[in-house]
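Read the structure below first, then the notes.
Within every chain, numbering begins at 1; the chains are lettered A, B, ... in the order of the sequence lines, protein sequences first and strands thereafter.
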2 protein chains.
Amino acid sequence: MLQARRTLGAYARPAVAVDLVILTLVDCALNVLLVRRGEPPFEGKLALPGGFLRVGDGVEDQGEDLDVAAARELEEETGLGAEDVLLEQFATFGRPGRDPRMRVLSVAYYALVRPELAQRVRAGGDAAATCWEPVAGLSEGALAFDHEDILRVALERMRERLDTSALAFSLVPETFSIPELRTVFSAVKGEPQDPGNFRRKVARLIEDGVLEKAPGVRRTASKPAALYRFRA
Amino acid sequence: MLQARRTLGAYARPAVAVDLVILTLVDCALNVLLVRRGEPPFEGKLALPGGFLRVGDGVEDQGEDLDVAAARELEEETGLGAEDVLLEQFATFGRPGRDPRMRVLSVAYYALVRPELAQRVRAGGDAAATCWEPVAGLSEGALAFDHEDILRVALERMRERLDTSALAFSLVPETFSIPELRTVFSAVKGEPQDPGNFRRKVARLIEDGVLEKAPGVRRTASKPAALYRFRA
DNA sequence: CCAATAGTGTCTGTAAGACATTATTCC
DNA sequence: GGAATAATGTCTTACAGACACTATTGG
């Protein structure tokens with residue numbers, strides 16, 4: 001109590017960043033948006049996009065919300081608005097020494113981008129150093145700071161939530177075929193999904209009204225597939 | 001990039017607190033450890049225990065890790081060490097205005113305390129204003145700041161993880177009966193669990209080697225129950 | 001003995017996994 | 001026609017929920 005009063009302004013404060021694990025599907029593989037660092041520390045290494053939280057100067061203006069900061073960073077890096085992208089906070093990283101310059105906390109979000117929007121990203125990004133990289137192809141030590149940890153935890157959380165949330169529908173086009181949705185599950189879980197069994201699972205979602213049929217078909221190299229849409 | 005350099009020291013930083021949702025089982029009901037505030041803001045209201053993260057002054061000393069801060073707060077409030085308690089970060093709260101004095105981010109942890117340890121808490125706590133309160137009995141607006149949100153999110157996360165993690169074993173004694181474990185599930189899920197079906201679920205854990213039989217029995221008002229122990 | 005509850009057994013519906021089969025398109 | 005794959009069907013096993021029943025203790 002008393003300690004709280006002393007602490008109020010006296011103690012040092014950490015810098016707080018918001019970092020994004022922006023994911024999409026490219027050729028049936030999970031890709032993450034990375035930025036090539038142009039300055040120390042970790043100059044030349046790849047890093048997750050992110051930036052510092054804007055904090056106001058006083059009582060009247062306390063600055064921006066965490067979710068707003070995440071949406072702002074997303075827009076700056078990709079040109080995409082939060083209405084098109086699933087953006088969810090999943091953990092906060094604060095190990096001392098994770099940034100050699102100073103104490104930095106990173107509030108981490110994952111952002112799931114539909115494949116058709118992902119193509120536009122390069123144009124929208126402010127940095128020419130921005131690129132999509134396959135998650136599976138990242139070698140140990142390729143990322144700056146503790147960003148490998150952040151990426152790993154993001155994927156763990158997504159795997160936990162894949163079957164119990166609407167997360168997967170944010171990685172397919174607005175209208176999608178069942179095989180397309182299956183590639184999302186295969187990519188996130190890291191193992192192929194049986195076509196027949198997966199279809200049955202989705203069929204239950206349709207019966208329950210979670211999905212509905214959409215007009216048109218998806219043309220591929222073989223038999224076209226019917227399209228569906230996520231409801232509400 | 002350039003912006004990052006400018007941000008490095010120039011922008012205002014938020015204060016960062018670590019708040020704890022410390023839970024235990026009292027009479028088959030989930031209870032949370034709360035502190036009566038003795039000063040504004042929210043004077044007289046109940047609040048989650050917590051404190052500010054210790055941040056070093058420079059590059060050499062960057063201060064304590066988030067998990068260490070959580071463990072330190074736990075020890076200060078309860079006298080319990082982190083080795084006896086399941087302590088997990090679950091979310092970070094940072095809405096502007098959540099603390100009227102200044103911008104404060106709260107990194108939130110839940111801490112699950114075995115019932116037999118919970119009894120010792122009053123002695124260990126540094127504040128006489130510390131008390132266990134039944135979660136279900138908390139009326140709207142009883143908690144300070146946004147601590148009702150924090151508590152709600154903690155319970156949501158725990159419900160998600162109850163069936164897929166070892167979380168429940170941290171809310172029973174080291175050796176426990178199946179009915180005792182059942183009360184944990186009932187309390188967290190908020191609905192009674194069928195004794196027969198629950199027993200079958202636990203029987204599978206025993207077959208799989210997750211649990212093992214422990215010596216002795218738990219004596220109650222009726223037929224005594226066999227005891228089990230969590231392995232590894 | 002009686003109340004209470006630990007512990008067992010049964011039945012049903014649902015879902016997952018493995019896998020075979022048919023149907024429809026592109027080339 | 002043939003390759004590819006969408007779409008359907010079958011069989012088995014596992015698990016959840018509802019519920020009846022038996023066993024063993026304290027009072």
Side-chain angles (χ1 to χ4, degrees), chain A residues 25 27-29 159-166 168 172-173 175-229, chain B residues 25 27-29 115 159-165 168 172-173 175-229:
Chain A
L25 232 55
D27 296 334
C28 298
R159 280 185 201 113
E160 278 179 15
R161 302 197 44 131
L162 188 61
D163 285 300
T164 55
S165 79
V172 288
T175 69
F176 54 89
S177 69
I178 294 180
E180 278 172 344
L181 190 62
R182 182 161 52 89
T183 63
V184 171
F185 275 70
S186 299
V188 175
K189 294 197 175 184
E191 54 190 14
Q193 302 295 108
D194 181 273
N197 297 336
F198 186 84
R199 174 169 295 274
R200 250 187 316 157
K201 180 152 69 180
V202 177
R204 275 191 293 273
L205 296 180
I206 298 167
E207 284 171 24
D208 296 349
V210 179
L211 302 181
E212 65 183 2
K213 213 158 188 338
V217 292
R218 179 76 74 237
R219 312 209 148 272
T220 69
S222 73
K223 177 177 174 179
L227 294 180
Y228 299 87
R229 185 199 332 263
Chain B
L25 232 58
D27 297 335
C28 298
R159 279 186 202 112
E160 277 178 15
R161 302 198 46 136
L162 188 62
D163 285 300
T164 55
S165 79
V172 287
T175 69
F176 54 89
S177 68
I178 293 180
E180 278 172 345
L181 190 62
R182 182 162 52 90
T183 64
V184 170
F185 275 71
S186 299
V188 175
K189 294 197 176 182
E191 52 190 14
Q193 302 295 107
D194 180 273
N197 297 335
F198 186 83
R199 174 168 295 273
R200 251 187 316 157
K201 179 153 67 180
V202 177
R204 275 190 293 273
L205 296 180
I206 298 168
E207 283 170 24
D208 296 349
V210 179
L211 302 181
E212 65 183 0
K213 213 159 189 339
V217 293
R218 180 76 73 238
R219 314 210 148 271
T220 69
S222 73
K223 177 178 175 180
L227 294 181
Y228 299 87
R229 184 200 333 263

Subject >> Boundaries of the chain B footprint along DNA chain D (any atom under 4.0 Å from a heavy atom) >> reply: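 Nucleotide range with atoms under 4.0 Å of chain B: D:dC15 to D:dG26.
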
Subject >> Those residues of residues 180-205 of chain B lying under 4.0 Å from DNA chain C by at least one heavy atom >> reply: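 Contacting residues: B:R182, B:G196, B:R199.
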
**OP:** List in numerical order all residues of residues 207-227 of chain B for which some heavy atom is under 4.0 Å away from an atom belonging to DNA chain C.
**Re:**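 By residue number: B:S222, B:K223, B:P224, B:A225, B:A226.
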
For a quick test of reading the model, state the closest non-hydrogen atom pair linking [X] to [Y] and the distance between them.
| X | Y | result |
| --- | --- | --- |
| A:F198 | A:Q193 | CD1-CB, 4.3 Å |
| A:E180 | A:T175 | OE1-O, 4.4 Å |
| B:S177 | B:L227 | N-CD2, 3.7 Å |
| B:C28 | B:A187 | O-CB, 3.8 Å |

Original post:
With distance as the sole test, does A:D27 use its side chain to make a donor-acceptor pair with the main-chain N or O of A:A29 at under 3.5 Å?
Top reply: no

Original post:
Tell me, do A:R218 and A:P173 make a side-chain contact under 4.5 Å, heavy atoms counted?
Top reply: yes

Original post:
Would you say A:E160 and A:S165 make side-chain contact, with heavy atoms under 4.5 Å?
Top reply: no

Original post:
For A:R159, which residues count as a salt bridge (charged side-chain N to carboxylate O under 4.0 Å, His left out) partner, sequence neighbours excluded?
Top reply: none

**OP:** Estimate the overall bend of the helix from C:dC1-D:dG27 to C:dC27-D:dG1 from the end axes over five pairs each, rounded to 10 degrees.
**Re:** 10°

Subject >> Rounded interatomic separation in angstrom, taking CG from A:L162 and P from C:dA16 >> reply: 13 Å

For residues 199-211 of chain B, please give each side-chain donor-acceptor pair under 3.5 Å, one per line with the distance, not counting sequence neighbours.
unit_1: B:R200; atom_1: NH2; unit_2: B:N197; atom_2: OD1; d: 2.7
unit_1: B:K201; atom_1: NZ; unit_2: B:D163; atom_2: OD1; d: 3.3

